[in-house]
Amino acid sequence: MTQQKFNQLLKRYLAGQTTAAEEQFLLEWYEDPANNVELNLTEFQKETIKNRMWNRIRPHTQPAWTTRIVRLAWTSAIAACFILGWIWVNPLDSPLRLDSTVASMKKEREKMEVKNTSQSEREVLLPDGSKVTLNPGSRLSYDPSFNQSRREVTLTGEAFFKVKHDQTRPFVVHTGELVTEVLGTSFRIKQNSRGKSVEVSVREGRVSVYAEDKQSKGEHNGVIITQNQRVLFDATTQRIVPGIVEAPVPLALPAEAPPTLVFQETSFEKVLAELSRLYGIEFVISNPAVKDCRITADLHDLSMFTQLDLVCKSVGATYDKRGTVVFINGDGC
């Protein structure tokens, strides 16, 4: 069998398209001691091979039947050997790309790069245990030294980050000219198609966001945002505008202190205080005369801004968002 035909057979095997006879041939090849080569690979090459292998194998590692587990255990081992053997014969920059339908990983300028070329989100597990959900068409890159002294990545496009907490190594994301820095939290970064603006929104924790300025030392144009807050960055004007996310989600409150969303003749001030506790958003009542207006309402299963609309209309008040604060305006009841 020629090398080309053997390579094609490996590709069909990994795609689950081989016959029983072909699988028997591959098994015999795998068990032949003459094929157990010792590979001299760098750590970077090993990491690349591992990611390629698991991107192909992972979707099949949760079988529905026990009898399938034995076959998959053998499949994983032999697939690993085939991939290692193939790459030993063919360099890393060969045209064969087993994972091209989902994500591509390559060495570019001494960096690891993951690009989602599929039509659906793709989860990427970083060496420190942090998880990144990469949107279609987006890519993430990082140095092979990631997690040694600093956790630093570069994002192009959109992704959701769930960062593993580590006080000794801050997690830094570069998106165009914007830098997002955290210790451990979850947040989303969205860059527009032309890279002229970036939005950062926080799901949990606190995030420091600032414009990258290599000329300035020790001073940055930036802000700190917390859960249910976001910033919009304009790369042209270098302006960072903080605000509130479109759909705030409840905070993780202690089980012994559940939120109260059913009100009976409750003061407007106390209703807003409960909403503030639930979402972590500050509400400011401009006119003290509105504070003692009474509210009777059930706000369960409603979004925060729908809840706010209902209680404000019930006392003849309005609200407007100013940065990360909501101001309540009204004449009283």
Side-chain angles (χ1 to χ4, degrees), residues 126 128-133 150-153 155 158-191 197-212 219-234 238-261 269-286 299 302-309 311 319-328:
L126 295 177
D128 69 327
S130 297
K131 295 180 182 179
V132 182
T133 303
R150 186 175 177 84
R151 300 179 294 171
E152 198 161 8
V153 302
L155 170 70
E158 181 177 357
F160 179 78
F161 293 80
K162 191 170 183 61
V163 177
K164 187 174 182 180
H165 186 80
D166 188 342
Q167 288 186 335
T168 63
R169 287 185 286 262
F171 191 99
V172 180
V173 184
H174 297 270
T175 314
E177 299 177 46
L178 191 70
V179 180
T180 305
E181 185 171 342
V182 302
L183 293 176
T185 186
S186 59
F187 57 95
R188 177 174 294 278
I189 298 179
K190 181 179 181 180
Q191 183 183 42
S197 67
V198 181
E199 177 182 339
V200 180
S201 55
V202 178
R203 176 75 62 83
E204 296 175 332
R206 290 160 57 89
V207 169
S208 171
V209 183
Y210 56 90
E212 193 165 31
E219 186 174 333
H220 297 286
N221 167 31
V223 296
I224 293 178
I225 55 175
T226 60
Q227 182 170 342
N228 289 326
Q229 296 180 354
R230 69 175 182 178
V231 295
L232 295 176
F233 171 69
D234 188 322
Q238 296 288 294
R239 188 183 179 196
I240 296 177
V241 180
I244 300 173
V245 298
E246 292 183 1
V249 296
L251 305 178
L253 298 176
E256 62 272 13
T260 301
L261 292 176
E269 184 178 30
K270 288 185 178 180
V271 172
L272 291 182
E274 191 66 17
L275 293 181
S276 180
R277 186 175 76 91
L278 180 59
Y279 296 103
I281 293 175
E282 182 181 1
F283 298 94
V284 176
I285 300 177
S286 301
L299 302 181
L302 299 174
S303 66
M304 191 204 78
F305 284 114
T306 300
Q307 293 169 337
L308 195 56
D309 283 332
V311 296
Y319 69 88
D320 62 276
K321 294 178 285 185
R322 304 180 193 177
T324 59
V325 179
V326 176
F327 280 76
I328 310 296

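Remember, predicted model here, so these are calculated numbers, not experimental data. Starting from 1, each residue takes its place in the sequence as its number.
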Trainee: Measuring from atom NE2 of His165 to atom CG of Asp128, what distance do you get when rounded to the nearest 0.5 angstrom?
Mentor: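 The distance works out to 12.5 Å.
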Trainee: For the residue pair Val132 and Leu155, establish whether any side-chain heavy-atom pair is separated by less than 4.5 Å.
Mentor: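 No, side chains not in contact.
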Trainee: Work out which heavy atom in Gln191 is nearest to a heavy atom in Val198; give both atom names and the distance.
Mentor: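 The answer is CG-CG2, 4.1 Å.
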Trainee: Side chain of Ser286, backbone of Ile328: donor and acceptor closer than 3.5 Å?
Mentor: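 It does hold such a pair.
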Trainee: Quick one: CG on Leu308 to CZ on Phe283, what's the gap to the nearest 0.5 Å?
Mentor: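 With rounding to 0.5 Å, CG (Leu308) is 5.5 Å from CZ (Phe283).
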Trainee: Could you tell me which non-hydrogen atom of Gln229 sits nearest to which non-hydrogen atom of Ile225, and how far apart they are?
Mentor: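 Taking Gln229 first and Ile225 second, the nearest heavy atoms are OE1-CA, 3.3 Å.
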Trainee: Closest heavy-atom contact between Phe233 and Ala211?
Mentor: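 Minimum heavy-atom separation between Phe233 and Ala211: CE1-CB, 3.9 Å.
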Trainee: Which pair of heavy atoms, one from Leu299 and one from Gln307, lies closest together, and at what distance?
Mentor: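 Answer, listing the atom of Leu299 first, then Gln307: O-NE2, 2.8 Å.
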Trainee: Side chain of Arg151, backbone of Lys164: donor and acceptor closer than 3.5 Å?
Mentor: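 At least one qualifying donor-acceptor pair exists.
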Trainee: Determine whether Phe187 and Ser201 make a side-chain contact, defined as any pair of heavy atoms from C-beta on separated by less than 4.5 Å.
Mentor: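 Not touching, per the 4.5 Å side-chain cut-off.
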Trainee: Distance check, rounded to the nearest 0.5 Å: Lys162 atom NZ versus Lys131 atom NZ?
Mentor: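 Between atom NZ of Lys162 and atom NZ of Lys131 there are 8.5 Å.
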Trainee: Please answer whether the main-chain N or O of Ile244 pairs with a side-chain N or O of Asn228 as donor and acceptor at a distance below 3.5 Å.
Mentor: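 It does not hold such a pair.
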Trainee: Could you check whether atom CZ of Arg322 has more than 12 heavy atoms from other residues, nucleotides or ligands sitting under 6.0 Å from it?
Mentor: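 More than 12 heavy atoms, drawn from other residues, nucleotides or ligands, come within 6.0 Å of this atom.
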Trainee: Got a sec, which residues hit salt bridge (Lys or Arg N to Asp or Glu O under 4.0 Å) with Asp234, two or more places apart in sequence or on another chain?
Mentor: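 Asp234 satisfies salt bridge (Lys or Arg N to Asp or Glu O under 4.0 Å) with no other residue.
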Trainee: According to side-chain contact (heavy atoms from CB on, under 4.5 Å), who are the partners of Val179, at least two apart in sequence or on a separate chain?
Mentor: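 Checked Val179 against side-chain contact (heavy atoms from CB on, under 4.5 Å); matches are Val172, His174, Tyr210, Glu212.
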Trainee: Working to the nearest 0.5 angstrom, can you tell me the gap between Leu275 CG and Leu261 CG?
Mentor: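 Answer for the CG-CG pair, Leu275 versus Leu261, is 7.0 Å.
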Trainee: So, do Arg203 and Val245 sit near enough that their side-chain heavy atoms are less than 4.5 Å apart?
Mentor: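 Heavy-atom side-chain distance check fails, nothing below 4.5 Å.
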Trainee: Grab the two heavy atoms, one from Ser303 and one from Tyr279, that are nearest each other, plus how far apart they are.
Mentor: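 Result for this residue pair: C-OH, 4.4 Å.
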Trainee: Is the backbone N or O of Val241 less than 3.5 Å from a side-chain atom of Arg230, with the two atoms forming a donor-acceptor pair by type?
Mentor: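 No, because the side chain of Arg230 does not come within donor-acceptor range (under 3.5 Å) of the backbone of Val241.
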Trainee: List the atom of Ser186, the atom of Phe160, and the distance in Å for their closest heavy-atom pair.
Mentor: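 So the two residues come closest at CB-CZ, 3.6 Å.
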Trainee: Using a 4.5 Å cut-off on heavy atoms from C-beta on, say whether the side chain of Phe161 contacts that of Thr180.
Mentor: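 The answer is no; the side chains never approach within 4.5 Å.
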Trainee: Just to verify, what does Asp309 make a side-chain contact (heavy atoms from CB on, under 4.5 Å) with, not counting sequence neighbours?
Mentor: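 With sequence neighbours excluded, Asp309 shows a side-chain contact (heavy atoms from CB on, under 4.5 Å) to Tyr319, given in chain and number order.
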Trainee: As an exercise, state the distance from OG1 of Thr226 to CD1 of Ile281, rounded to the nearest 0.5 Å.
Mentor: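 Interatomic distance, Thr226 OG1 to Ile281 CD1, rounded to 0.5 Å: 8.5 Å.
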Trainee: Answer whether the closest heavy-atom distance between the side chains of Asp166 and Phe171 falls below 4.5 Å.
Mentor: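 No, too far: nothing below the 4.5 Å cut-off.
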Trainee: Using 0.5 Å steps for rounding, measure from the CZ atom of Arg169 to the CZ atom of Arg150.
Mentor: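 It comes to 12.5 Å.
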Trainee: Can you tell me if CZ on Arg188 sees more than 12 non-hydrogen neighbours from other groups inside 6.0 Å?
Mentor: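 More than 12 heavy atoms, drawn from other residues, nucleotides or ligands, come within 6.0 Å of this atom.
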